[in-house]
Each structure stands twice: as structure tokens, then as C-alpha cells.
Amino acid sequence: MNTGLVIAAFRDIAAAKNLDPDQVNELIRDGIHAGLARIYGATVDTEIIIDDVAGDIEMLVLKRVVPMVEDPSAEVTLEEARWDDPTYEVGDVMEIPVDFSQFGRNAVMAAKQRIVQLVREGERQRIRDEYADRVGQLLSGEVQQIERGKLVLLLNRSREAEAIIPWKEQNPRERFRQGESIRAVLKKVDETPKGPRLIFSRADPLFVAALFMLEVPEIQQGIVEIKELTREVGGRTKIAVHSRDESIDPVGACVGLKGSRVQAVVSELGGERIDIVPWHPDPEIFARRALAPARVAKVVSDSARQVITAIVDEDQLSLAIGRNGQNVRLASQLIGWQIDLYGSREWLDRGADISLLVEDEVDSYETADFPLSELSLTPETLEALAAAGYQSFLDIIDLDRADFLSVDGVTEEAAAQLLALIEDLTVVDSESARVGGNPDGAKGEPA
């Protein structure tokens, strides 16, 4: 057997697996040792010398000279050793050269299997080493196939890595086809009998955090920090941010000029609504901000129970609750306290002290509202909205196209106009403007 051809074949394997020459030589030694073990026995001791220049492999089986053999794989009697060289003594090591021609089919298969096994183990370890510290990072690839609801990915960085997005880690509003490009956040690295499996997610709050990290340089630089984030996938996300530099508005940094940064995130999320609020260490102030876009009249905290009681005017109650209770539920998750929400009428009916309804000193982060009549809407549209109970801007800020079309008298054209007006008024570039619940033109409710 031509050893040069053997080495060349191994070099081809190495090139395909991105192995360096030292790794290749170690694979060759391990593989040949496995083949020799098939011939001489499992405990065989070998020395394998590889000459990269000449392309030769020298194989030696080492056996210790003993008076009586107990392990034929590793020992030889003094009498047998002296047949080869009469100078051998007990305790010496006899070197027995082996030619490739002595390799049978079984030895060749053992060598091949060992090399394939080592290459596979090396690949698995490289995947572990590369991705162990990348949990929470955004990675890209393409959808290789769809299996019983899970997406099997082909990663751009490591095409041999096993990577999936389980059904529960997907956004139910999204659909992907085989071959489509996809971005997702690495959630964890699972160990399986077949090696590491990379679990990705587009449903986890980590995905939103990773997208903001990509879009907002101030977050990448550590100037702006995401303090809290909570999400109901496909519906709404609330994110609380804080700036280490007082001269930088954290909400404005995340929103970007005319909403460009937050809109890039919203687009990746398939239109999911995002509320960005400034974090505050005081639970009462934080709760007031977390309930945006609703305007809160009064908050009372119970530190021992970690409960916030929030009272809102009747015209703000539905906005504070949100669709199916989503707004108050996410606000509670964001601050980590239970929020008990009351309308002013219910609060008084419970016999509460009326003095508690005196509004707190207005936080610098406060929402602004105005009548719908100030918008450029037709009388017919205004009349239809009023009949449905919508009187002010904050009454409609949380509505989508389907909500508008469900109102008698609102046409497709009017619905489109209303959505455009909400978009324009919740993304402003005037530093003095405070509309839609966020300071300095921050967009709290991107459509």
C-alpha cells in the first residue's frame, strides 16, 4: 500500500474539515493505532512516525521482553526476542516494524472508523467552544427543512452544526419556507447523544434584546442598557432602558431618527408593537411609565407585598388595561411587582380616601393627549369614531386596522389615514415634543 496516497487522502479529509497539519497527524496516528489494535490486541503499544516531507509512515509495535508472557499484545518472551537479536535482556523493549501490507480489511476499517469518529468529536468540540459563549447573540442562516413544526437551520458560520428553532420558540404569526434566510437568537446549547444541538428562538425576549443591540450603537457601546424586557410574542413588547450618560436620552437612542431604529426591529418582528420606556429605580415612577400610553392619576405602593395600586381616570382605563389585559399584564412583568389597576369611579365606590385621587406631581415622562377633532379627519370619520366612544388621540393610539374597520362608518381609506396619523404623531424629531408617551420624540407605540 502506498503510504503517500494514504497521507494524501487524510490531507483531503483535513482540508474539508478545516484541520491543521498537527491535528491531521494526530488523527493518522490514532487511526493507525486502532488498526494495529485490531491485529495485535487492544493493549498494543505502538509508535507511529510520520514523515511529512517524504510522505512516509513508519509503524512500530512495541513489546516488553519478559520471562513469561501474560499479555501477548504488549509482551514477548526473552527466547522469542533473541531470535531477532541475541542481545535482548528481560526488561528491554522490542521494536517490531509493521508494513501496510500486513493490514487486512478489518484493520483498515478500524483505522477508518477511528479517524471518522475523531473528526466528528473534533467538530462537536469546536461547536461547543464556538457557541458556549454566544448565548443571547443574534445569528443568521437559512431554513434547511421544516420537520413536524420545527425549523432546521443551516448556519452561515458553522454549516455542520445541528441548529433548530423548536415550534414553541417561533412567532406564530410568521411562516418560513425552505431556503429562506432567517435570523434568530441562540437560546441555549443542548447536549444530545449525537453531540451539541443549538437551540435558537424568535419568540424569546432575548431575540428583541439582540435586535436592539444590533440596531442601537449606544447599546453596543454599553452607554444605554436594557434594564428590563418582557414580551408576548406576536403581540406586544415592553422594554425599559437606562443611560449611563445623562446627556444621552435612552429612549430616543432606541427609537432613532424618525423611528428608524425601532422600526427596523418592528419589521423583523412582523409588526409586533413595542413600548420603550425609561427605567427608574422607584417602583411607583417605574409603574407609571410602564403603563404607558395610558396616563396614570395616582400610584400607591405596598413594598412589603410588592404591590402597586394604580388609579386612572375613566377615559384612560381601557388604554391602561390594553387588549385582553395585555398592557397592564406586561407592565406588571416589566416592573416585577403586581399592579392592581382601578378606574377612578371604582376606586371611590370601594370607599377609598378621595384625597388619594389628587394627582401626583407630574413625572417628566408624561403622556400628552388631545381631541380627535384636532386631527385632519373628515366629519364623517370623526362622527363614526365618536359614536364608538373614541374621543381623544390616546383613545385610538392602541388600535390597528381591523379595529378601525370594525367601527361603523370608517372606510378603508379612513382606516389607512388614521394609521398614518398615528405613525406620524408617535414618531417626532422635535426634542421638545412629548407625544404618545415617550420623551424627546420617543415612539412608544410603533405601528
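If you're wondering where the values come from, they're calculated on a predicted model, not measured in any experiment.
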Please report the interatomic distance [atom1]([X]) to [atom2]([Y]), rounded to the nearest 0.5 Å.
X: H242; Y: E225; atom1: NE2; atom2: CD; answer: 7.0 Å
X: L330; Y: L291; atom1: CG; atom2: CG; answer: 10.5 Å
X: L419; Y: D403; atom1: CG; atom2: CG; answer: 9.5 Å
X: K298; Y: R288; atom1: NZ; atom2: CZ; answer: 8.0 Å
X: S201; Y: N171; atom1: OG; atom2: CG; answer: 9.5 Å
X: R289; Y: I285; atom1: CZ; atom2: CD1; answer: 6.0 Å

Are [X] and [Y] within salt-bridge range, i.e. N to O under 4.0 Å?
X: R126; Y: D129; result: no
X: E228; Y: K238; result: no
X: E80; Y: K63; result: no
X: R323; Y: E232; result: no
X: R231; Y: E272; result: yes
X: E121; Y: R124; result: no

Look at the side chain of [X] and the backbone N and O of [Y], then say whether any donor-acceptor pair between them is shorter than 3.5 Å.
X: N327; Y: A320; answer: yes
X: E95; Y: L62; answer: no
X: E75; Y: R64; answer: no
X: E180; Y: R177; answer: yes
X: S243; Y: E246; answer: no
X: E284; Y: S301; answer: yes
X: E218; Y: P250; answer: no
X: R175; Y: P172; answer: yes
X: D204; Y: F207; answer: no
X: D85; Y: R82; answer: no

How close do [X] and [Y] get, counting heavy atoms only, and between which atoms?
X: P293; Y: Q316; value: O-OE1, 4.4 Å
X: A415; Y: F404; value: CB-CB, 3.9 Å
X: A253; Y: V216; value: O-CG1, 3.7 Å
X: A161; Y: I127; value: CA-CD1, 3.6 Å
X: P97; Y: L60; value: CA-CD2, 3.8 Å
X: L229; Y: P205; value: CD2-CB, 3.2 Å

Item to check | Verdict with supporting geometry, T230 and T237, side chain to side chain contact (heavy atoms under 4.5 Å, CB included) | outcome: CA-CA 6 Å; T230 186; T237 289; over 6 Å; no

Item to check | Intermediate values then yes/no, salt bridge (Lys or Arg N to Asp or Glu O under 4.0 Å), R128 and E191 | outcome: CA-CA 9 Å; R128 291 187 191 97; E191 281 298 333; 2.6 Å; yes

Indicate yes or no: at least one non-hydrogen side-chain atom of [X] is less than 4.5 angstrom from one of [Y].
X: L211; Y: L269; result: yes
X: W337; Y: S332; result: no
X: V152; Y: V143; result: no
X: V61; Y: S73; result: no
X: W279; Y: L334; result: no
X: L151; Y: W167; result: no
X: I164; Y: R197; result: yes
X: L138; Y: F200; result: no

Next on the checklist: With side chain to side chain contact (heavy atoms under 4.5 Å, CB included) as the criterion, how do I199 and V189 come out once you've worked through the C-alpha distance, each side chain's angles and the decisive distance to 0.1 Å?
Outcome noted: CA-CA 6 Å; I199 307 299; V189 180; over 6 Å; no

Item to check | Chi angles and distances behind the side chain to side chain contact (heavy atoms under 4.5 Å, CB included) call for M94, D84 | outcome: CA-CA 9 Å; M94 182 178 182; D84 184 69; 3.6 Å; yes

With distance as the sole criterion, is a donor-acceptor pair present between the side chains of [X] and [Y] under 3.5 Å?
X: Y40; Y: T46; answer: no
X: T309; Y: D340; answer: no
X: R329; Y: Q326; answer: no

Within a radius of less than 6.0 Å around [atom1] of [X], do more than 12 heavy atoms belonging to other residues, nucleotides or ligands occur?
X: E70; atom1: CD; answer: no
X: E79; atom1: CD; answer: no
X: Q221; atom1: CD; answer: yes

Item to check | Identified side-chain hydrogen bond (donor to acceptor under 3.5 Å, both in side chains) counterpart of E169 within the set K150, K187, R202 | outcome: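 Only one option passes, and that is K187.
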
Checklist entry - For R401 and E412, what are the C-alpha separation, side-chain angles and deciding distance, and is it a side chain to side chain contact (heavy atoms under 4.5 Å, CB included)? => result CA-CA 9 Å; R401 180 175 175 277; E412 289 271 3; 2.7 Å; yes

Checklist entry - Does the side-chain hydrogen bond (donor to acceptor under 3.5 Å, both in side chains) test come out yes or no for D245 and S247, once each step is laid out? => result CA-CA 5 Å; D245 185 340; S247 67; 2.7 Å; yes

